[in-house]
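Counting begins at 1 with the first residue of the sequence. One-based numbering, in listed order, for ligands and for the atoms of each.
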Amino acid sequence: MLKLRRIKGVSPPHRKHTQNSPVEVLPVPKRVEIPMLMHSGKPAIPVVKPGEYVKVGQLIGELSGTISSPVHSSVSGTVKEVRTHDRVTGQKAESIIIESDGLQIHHEDLKPHPVSTLQEFLDAVRDSGAVGLGGAGFPAAPKLAIKNLDELDYILINGAECEPYVTSDTRTMVADTEHVVDGVRLLQQFMKPRKKIVICIEDNKPNAIEAMREGFKNDDYVEVRVLPTLYPQGERKVLVYNVTGRIVPEGARLADVGCLVSNCTTITVFSRYIKRGIPLISKVITVDGPIVRNPKNVLAPIGTPIWELFEFCGGFTAEPGRILAGGPMMGIALPDLEVPVIKTTNAILADVVENKNKIRETVCIKCGRCLNVCPMSLMPPNIETAYHLKDTDEMKKLKINMCVECGSCAYICPAKRPLVQAIQLSKQILWETKK
Ligand code: SF4
Ligand code: SF4
């Protein structure tokens, strides 16, 4: 019997208010706080001391292992302090505080880094400070250094940007097409996927689709694939399935099914470094949310306190109760407005305090809606039960490690069950048991 392939997910309101607004440049902040841990893996190690003068693009933190990433100064000025507490992660990783002189003097090392071999390319990707800008910030160089490169079929460039409000990747594809195209060409030249490179964009981003089609016209090797707007279209495993039909099994890597996914903004980081010598020192950030007066996309130096971005957007129309880094589905709540922009910040959203009385949790009514939308075909209510029973065998059977924590189940649940929290805690229990 013919089995119909159904793409699963949810359709929260897009609220892409800023997708047609040009990127505006933030004035140079007076002070930046640049964390040494803005990626997954080991933190970078500071190589500058208080009192030292630094220039834009100068290395201030060197990588400390294979899974690590170097950190560069986003301003010219004087190092004021090397703080041991990282206010973003709460971990004991260092942050460098620099007082800017406002002159933005570029470091003399900022020159093109031409590459002609795969190793030179990977070294340049590492030195650019590129990390996965669509997710947890996994360093880009070790991600590209896949062992079975000769079995790589597809590279998917992730421009899906399925979270509501967030439009920074869209603006990158529209306004920085040159570096997206260069990044794709570098991947084509050195990674040589056997089948093709696919630029993946949801159908609610016509400007980005047009820009990419223009950038790759008359090119059979690079396809611009228009996907239905459906959250979490941009999740890596979901994207691989929706574009290639390949399923990434539990515990496997994307490369095991011949695929690699790279965010569209990430590839502009190493292409800009190779072409112009500029490492990852600034980010385009969507500043939006129900109480932001003038939502915008803003280009800001890494380390800028987020209050400066909100102020640049006209401030708030009401007292902010919740500030998120990222979109409303998977974003992280920030403790205060002093938190700096980091490499992985793609959006900051401000909202009033949630009315807790409105979110009344009731018992599961077994409606099955969460099962219908789960992109990984999991059974969230059964996982929640297993969590309450602390039944680790059942948790394993239910394949909770396949959960990508997209929140679609909790979003659709009429009983407002805290499904994602139950899954996260179950994963922690399994991890503790394994340890
Ligand atoms: S179970 Fe996990 S993957 Fe499935 S919808 Fe819920 S959060 Fe997403
Ligand atoms: S959506 Fe909510 S109420 Fe419906 S089955 Fe899932 S957990 Fe139960």
Side-chain angles (χ1 to χ4, degrees), residues 5-14 132 134-136 138 156 158 160-164 166 200 202 227-243 245-254 257 259 261 324-333 356 358-431:
R5 203 176 121 204
R6 192 172 70 82
I7 298 174
K8 291 181 174 183
V10 292
S11 302
H14 308 166
F138 191 84
L156 308 185
N158 193 348
E161 203 164 49
C162 54
E163 274 265 13
V166 189
C200 312
E202 287 186 332
L227 300 160
T229 298
L230 193 71
Y231 178 86
Q233 187 74 261
E235 202 288 324
R236 296 173 326 136
K237 290 180 183 172
V238 175
L239 198 66
V240 164
Y241 177 68
N242 290 349
V243 173
R246 298 182 182 187
I247 294 172
V248 184
E250 190 179 9
R253 299 162 311 152
L254 305 193
V257 297
C259 296
V261 175
L324 286 181
M329 300 296 285
M330 291 184 80
I332 296 166
K356 290 255 161 51
K358 275 192 196 162
I359 311 171
R360 261 210 201 106
E361 190 183 304
T362 58
V363 290
C364 169
I365 55 169
K366 310 225 181 295
C367 64
R369 287 185 206 177
C370 55
L371 281 73
N372 280 336
V373 299
C374 176
M376 308 313 286
S377 298
L378 301 178
M379 300 169 80
N382 302 41
I383 296 176
E384 196 193 12
T385 307
Y387 164 67
H388 288 304
L389 297 173
K390 303 286 178 282
D391 186 341
T392 51
D393 288 337
E394 189 63 12
M395 288 175 194
K396 282 183 208 157
K397 263 191 236 159
L398 291 166
K399 296 191 180 300
I400 62 159
N401 283 326
M402 289 289 283
C403 170
V404 295
E405 297 177 23
C406 65
S408 299
C409 50
Y411 174 81
I412 208 77
C413 176
K416 303 290 172 216
R417 302 297 313 158
L419 300 167
V420 183
Q421 288 91 322
I423 293 165
Q424 287 169 334
L425 291 166
S426 302
K427 281 184 180 177
Q428 206 172 330
I429 291 171
L430 278 189
W431 188 72

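Nearest non-hydrogen protein atom to atom 2 (Fe) of ligand 2 is Cys413 SG, 2.4 Å. With hydrogens left out, the protein atom closest to atom 3 (S) of ligand 2 is Ile365 N, 3.4 Å, a heavy atom. With respect to atom 4 (Fe) of ligand 2, the closest heavy atom belonging to the protein is Cys367 SG, 2.3 Å. From the protein, the heavy atom lying nearest to atom 5 (S) of ligand 2 is Gly368 N, 3.3 Å. Counting protein heavy atoms only, atom 6 (Fe) of ligand 2 is closest to Cys370 SG, 2.4 Å.
Residue Met376 has at least one heavy-atom neighbour below 4.0 Å for each of these atoms of ligand 1: 3 (S). Of all the atoms in ligand 1, the ones that sit under 4.0 Å from a non-hydrogen atom of Gly407 are 7 (S), 8 (Fe). Contact atoms of ligand 1 toward Cys374: 1 (S), 3 (S), 4 (Fe), 5 (S) (distance under 4.0 Å to a heavy atom of the residue). Atom numbering of ligand 1 starts at 1 in the shown order; those under 4.0 Å from a heavy atom of Val404 are 3 (S).
Distances shorter than 4.0 angstrom occur between a heavy atom of Ile423 and an atom of ligand 1. Residue Pro380 places every heavy atom at 4.0 Å or more from ligand 2. Using 4.0 Å as the threshold, Ile412 has no heavy atom nearer than that to any atom of ligand 2.
At least one N, O or S atom of Cys364, from either the backbone or the side chain, sits less than 2.8 Å from atom 8 (Fe) of ligand 2. At a cut-off of 2.8 Å, Cys406 is counted among the residues with an N, O or S atom near atom 8 (Fe) of ligand 1.
For the atom pair NZ (Lys8) and CG (Asn242), the distance works out to 11.5 Å, reported to the nearest 0.5 Å. The line from SG of Cys200 to CD of Gln233 is 8.0 Å long, rounded to the nearest 0.5 Å. Between atom CD of residue Glu384 and atom SG of residue Cys364 there is a gap of 7.5 Å, rounded to the nearest 0.5 Å. Distance OG/Ser426 to NZ/Lys396: 12.5 Å, rounded to 0.5 Å. Considering SG of Cys259 and CZ of Arg236, their distance stands at 11.0 Å, rounded to 0.5 Å.
Side-chain atoms of Lys237 do not come within 3.5 Å of backbone N or O of Val404 as any donor-acceptor pair. In this structure a side-chain-to-backbone donor-acceptor pair under 3.5 Å is missing from Glu405 to Gln424.
Under 4.0 angstrom from ligand 1, the non-hydrogen atoms of Glu405 all belong to its backbone. When non-hydrogen atoms are compared, ligand 2 lies under 4.0 Å from the backbone of Lys366 (N, CA, C, O) but not from its side chain.
Pairing each heavy atom of Leu371 with each of Leu378, the nearest pair is CG-O, 4.0 Å. Taking each heavy atom of Tyr231 and Pro12 in turn, the nearest pair found is CB-CD, 3.9 Å.
Side-chain contact annotation: Asn401 with Glu250, donor-acceptor N/O pair under 3.5 Å absent.
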